[in-house]
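The first residue in the sequence is number 1, and the count goes up from there. Remember, it's 1-based here, ligands and their atoms both numbered in the order they're listed. Note that the structure is predicted; figures quoted are calculated from it, not measured.
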Amino acid sequence: MTQDEQKRAAAQAAIQHIPAGSIVGVGTGSTANYFIDELARIRHKIEGAVASSEATAQRLGGHGIEVVDLNSVDILPVYIDGSDEITEHLHMIKGGGGALTREKIVAAVAKRFICIADQSKLVKILGKFPLPVEVIPMARSYVAREIIRLGGQPMLRQGFTTDNGNMILDVYGMQILNPVELETTLNQITGVVTNGLFARRGADLLLLGTDNGVRTMV
Ligand code: ABF
C-alpha cells in the first residue's frame, strides 16, 4: 500500500469508533482529511463535529457536516486526528500543520483520542520530526533562548501565523526520552502557548495503516 492508501485505510477504520448521534472531534492534516471524507458518508448518523482548525471547519462544512462550537458541547465522546510521530506508548509529536493548540484543546475535552496514521509515523523515540512550539509573537526571542538552554535548536516557521494569531518555533535536534517531562517544561516557559508533545494526554488508541492492513494499538 502507498502512504496515502495507508492513511485512507486508517481513516476508514476509525469510522466504526464513532458512536451514533454523537458530536465528533476532528483533527487537521491529510490523514484527518481522509477521515472527514469518510465521515461525510455517515453524516446523517452524527449530530455534528468540532473542528481543530479553520481548514478542517471548511472541509467539514463543504461536506454538509454541521460545525459546532466547542464551548456549546458538554460531551465529546471521541477525537480523531493524525500525528507527525507516535511511539508504542502512544505519545506523539503533533503540530506539523500548525494547529497544535486547538488540537490539544479538543483532545483535552474528548473522552477518547483515536490517532490515525500511516506506518511511517511510528517511531521508537520522538524528536526526529521538529517539535512545534506555539509562541506569543513578542516572546519569540526569549522563548527561543530558553529552548536553546534545554538543548534544542529552534527555527522560526517563516511566513506562518497560527489560527490564534501566534508564531511557531520548530525545535530540531531533540532526542525526547521523557516526553511527559519535556511537555511540562516547555509549557512553563513564559510566552509559550503550547507545544506539540501530546504525552500527558496521549492517544487512547492508534489505528496504523500498514502494508498488511490496519494495525490496532492500545
Ligand atoms: C495533524 O496533522 C497534526 O497534528 C500533524 O501535524 C499532522 C499530520 O499530518 P498528516 O496527516 O498530513 O501526515 O494531525
*Any atoms of ligand 1 less than 4.0 Å from a non-hydrogen atom of Gly97? List them with their elements.*
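The list of qualifying atoms is 6 (O).
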
_Where ligand 1 meets Gly82 - atom numbers and elements under 4.0 angstrom, heavy-atom basis_ =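 Ligand 1 atoms under the 4.0 Å threshold to Gly82: 14 (O).
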
Tell me: protein heavy atom nearest [atom], and distance?
atom: atom 12 (O) of ligand 1; value: Ser30 OG, 2.5 Å
atom: atom 4 (O) of ligand 1; value: Glu103 OE1, 2.7 Å
atom: atom 9 (O) of ligand 1; value: Asp84 OD1, 4.1 Å
atom: atom 11 (O) of ligand 1; value: Thr31 OG1, 2.6 Å
atom: atom 1 (C) of ligand 1; value: Thr28 O, 2.6 Å
atom: atom 14 (O) of ligand 1; value: Asp81 OD1, 2.7 Å
atom: atom 13 (O) of ligand 1; value: Lys121 NZ, 2.5 Å

*Would you check whether Gly95 has a nitrogen or oxygen atom less than 3.5 angstrom from a nitrogen or oxygen atom of ligand 1?*
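In this structure, Gly95 places an N or O atom under 3.5 Å from an N or O of ligand 1.
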
*ligand 1 N/O within reach of Lys94 N/O, cut-off under 3.5 Å*: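 Such a contact does occur with ligand 1.
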
same_hphob_cluster([X], [Y]) at 4.5 Å side-chain heavy-atom cutoff:
X: Leu156; Y: Met174; answer: yes
X: Leu205; Y: Val106; answer: no
X: Leu207; Y: Tyr79; answer: no

_Consider side chain to side chain contact (heavy atoms under 4.5 Å, CB included). Of Lys7, Gln119, Gln6, which one does Met1 pass it with?_
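Of Lys7, Gln119, Gln6, side chain to side chain contact (heavy atoms under 4.5 Å, CB included) with Met1 is met by Gln6 alone.
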
*Run through Leu197, Val123, Leu126, Ile176 and flag the one making a side chain to side chain contact (heavy atoms under 4.5 Å, CB included) with His91.*
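Going through the options one by one, the only one that passes is Leu126.
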
_With the threshold set at under 4.0 angstrom, would you say Gly27 reaches ligand 1 through any of its heavy atoms?_
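So Gly27 does not count as touching ligand 1.
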
*asked:* Any atom of ligand 1 sitting under 4.0 Å from a heavy atom of Met92?
replied: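 No, that is not the case, since the closest heavy atom of the residue is not under 4.0 Å from the ligand.
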
_Once you restrict to heavy atoms under 4.0 Å, what part of Ser83 touches ligand 1? Side chain, backbone, both or neither._
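Contact part for Ser83 vs ligand 1: backbone (N, CA, C, O).
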
*Going by an N to O cut-off under 4.0 Å, is there a salt bridge joining Glu183 and Lys104?*
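Yes, this pair counts.
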
*Charged N to carboxylate O under 4.0 angstrom, Arg8 versus Glu5?*
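Judged by the 4.0 Å cut-off on N to carboxylate O distance, Arg8 and Glu5 do not form a salt bridge.
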
*Going by the side-chain hydrogen bond (donor to acceptor under 3.5 Å, both in side chains) test, name the single residue among Thr28, Asn195, Asp81 that passes it with Lys94.*
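So, applying the side-chain hydrogen bond (donor to acceptor under 3.5 Å, both in side chains) to Lys94 and each of Thr28, Asn195, Asp81, only Asp81 qualifies.
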
*asked:* Within the 3.5 Å criterion, strictly below it, is a donor on Ser120 or Asp118 matched to an acceptor on the partner's side chain?
replied: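 Checked: Ser120/Asp118 side chains pair up, N/O donor to acceptor below 3.5 Å.
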
